[in-house]
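Worksheet for the structure shown next.
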There are 2 protein chains.
Amino acid sequence: MAKKKEHCDCLNTIKPVRDALDVISGKWKLPIIISVGVGNDRFTDIQQSIPGITPKVLAKELRELEQHRLLKRSVVGDYPVKILYTLESYADTLTPIIYSLKDWGVNHRTFVTDKCGLNS
Amino acid sequence: MAKKKEHCDCLNTIKPVRDALDVISGKWKLPIIISVGVGNDRFTDIQQSIPGITPKVLAKELRELEQHRLLKRSVVGDYPVKILYTLESYADTLTPIIYSLKDWGVNHRTFVTDKCGLNS
DNA sequence: TATTTCACTTTCCTTTGGGAAAGTAGTATA
DNA sequence: TATACTACTTTCCCAAAGGAAAGTGAAATA
């Protein structure tokens, strides 16, 4: 029997959730994964597909995603070299997270407008 | 027919994902939801159940979660007033997100140690 | 009376994230 | 020769996040 409560068992959940958040939280990482996943493989294409992202931030986030083995940067061609970004297969494991966030986001938008009656 | 590619369709996914991230991203929000969800309802209990959180940060995050209608702060009792934090039912909708993040985090830890052979 | 507990607040400081704008090296096009 | 495109980098700046430590006021306990 424990002294008081078992409430600290939540560490079993909190720890892995924080591991996941360390990798994918932030404003841009998942949008970039989504964009590359849908077929945008050039720097400029990715930039244009994500409203508001600047080249500096995109470059930095791409480097971090590469370090986390979620995507791959490859140089192809000879004289006019192209740089292609593609998802590593490991990025597929993020699919459940992306869909649960998307579903929640879609529902949340209606929740907010229904509850608050705001016109945005 | 579109001019070139349909890759920008990813906005249909990116937008709601960003709506969700605006609410729950950051280091502390989900850990707090998890802790309160498991039964920690007092400020000090929550603080002690989440390693590393400071009272200043906890107070701020609790206020934000209350504003987002994810949890409720209630004052109970008369002379020694107690303050209780409980989840709103709307917080239950976060369950799929929490579990997908937890599963990914658990798997990611083995992925990292297998691939990199680090001893942390 | 002194100490402890609860639920924070306050101050100070450092780090991180990120926007704006310009620059750049190489190649291609007019 | 001049302009444009690609994939960035560089500089400057600002705001938000967040850590450390101390304080606070009311009530309970010793």
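A note on names: the letters A, B, ... follow the listed sequences, proteins ahead of strands, and every chain is numbered from 1. These numbers come from the heavy atoms of this one structure, side chains and all, not from hydrogens, waters or symmetry mates.
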Quiz prompt | Spacing of A:L62 atom CG relative to D:dC8 atom P, expressed in whole Å | solution = 8 Å

Self-check item: Within one Ile-Leu-Val-Met-Phe-Trp-Tyr cluster: A:Y99 and B:V23, side-chain cutoff 4.5 Å
Solution: no

Practice problem: Output yes when at least one side-chain N/O atom of A:K60 is less than 4.0 Å from OP1 or OP2 of D:dT10, else no. | Solution: no

Self-check item: Lys NZ or Arg CZ of B:R18 over A:W28 ring: under 6.0 Å, within 45°
Solution: yes

Quiz item: Taking CD from B:Q47 and C1' from C:dT9, how many angstroms apart are they, rounded to a whole number?
Solution: 13 Å

Quiz item: So, B:S49 versus B:S35: side-chain donor-acceptor pair below 3.5 Å or not?
Solution: yes

Practice problem: Using only side-chain N and O atoms of B:R42, determine if any of them is under 4.0 Å from OP1 or OP2 of C:dA7. | Solution: yes

Quiz item: Separation of B:L21 atom CG from D:dA16 atom P, in whole Å?
Solution: 19 Å

Quiz item: What is the distance from CD1 of B:I53 to P of C:dT9, rounded to the nearest Å?
Solution: 14 Å

Quiz item: Side chains of A:T86 and A:E88: does their closest heavy-atom pair fall under 4.5 Å?
Solution: no

Quiz item: Between B:I83 (CD1) and D:dA26 (C1'), how many Å, whole number?
Solution: 11 Å

Quiz prompt | Identified side-chain contact (heavy atoms from CB on, under 4.5 Å) partner of B:I33 from the options B:L70, B:T95, B:I97 | solution = B:L70

Quiz item: Counting heavy atoms not belonging to B:Y90, are there more than 12 under 6.0 Å from its OH?
Solution: yes

Quiz prompt | Nucleotide nearest A:T44 when distance is taken to its side chain, options D:dT6, C:dA7, D:dG18 | solution = D:dT6

Quiz prompt | Whole-Å gap separating C1' (D:dT10) and CG (A:L58) | solution = 16 Å

Self-check item: Summary of protein contacts for nucleotides 20-30 of chain C, nucleotide by nucleotide, where a base hit scores B, a sugar-phosphate-only hit scores S (4.0 Å, heavy atoms)
Solution: B------SS--

Quiz item: How close or far is atom P of C:dT10 from atom CZ of B:R63, stated in whole angstroms?
Solution: 9 Å

Quiz prompt | Residue A:A59, side-chain heavy atoms: nucleotide from D:dA7, D:dT9, C:dG18 that is nearest | solution = D:dT9

Quiz item: What is the distance, rounded to the nearest whole Å, between atom CD of A:Q48 and atom C1' of D:dA7?
Solution: 12 Å

Quiz item: OP1, OP2 of D:dC8 versus side-chain N and O of A:Y85: anything below 4.0 Å?
Solution: yes

Quiz item: Salt-bridged, A:E66 to A:K72, with N to O below 4.0 Å?
Solution: no

Quiz item: A:W28 side chain: which of D:dG18, C:dG18, C:dA7 is closest?
Solution: C:dG18

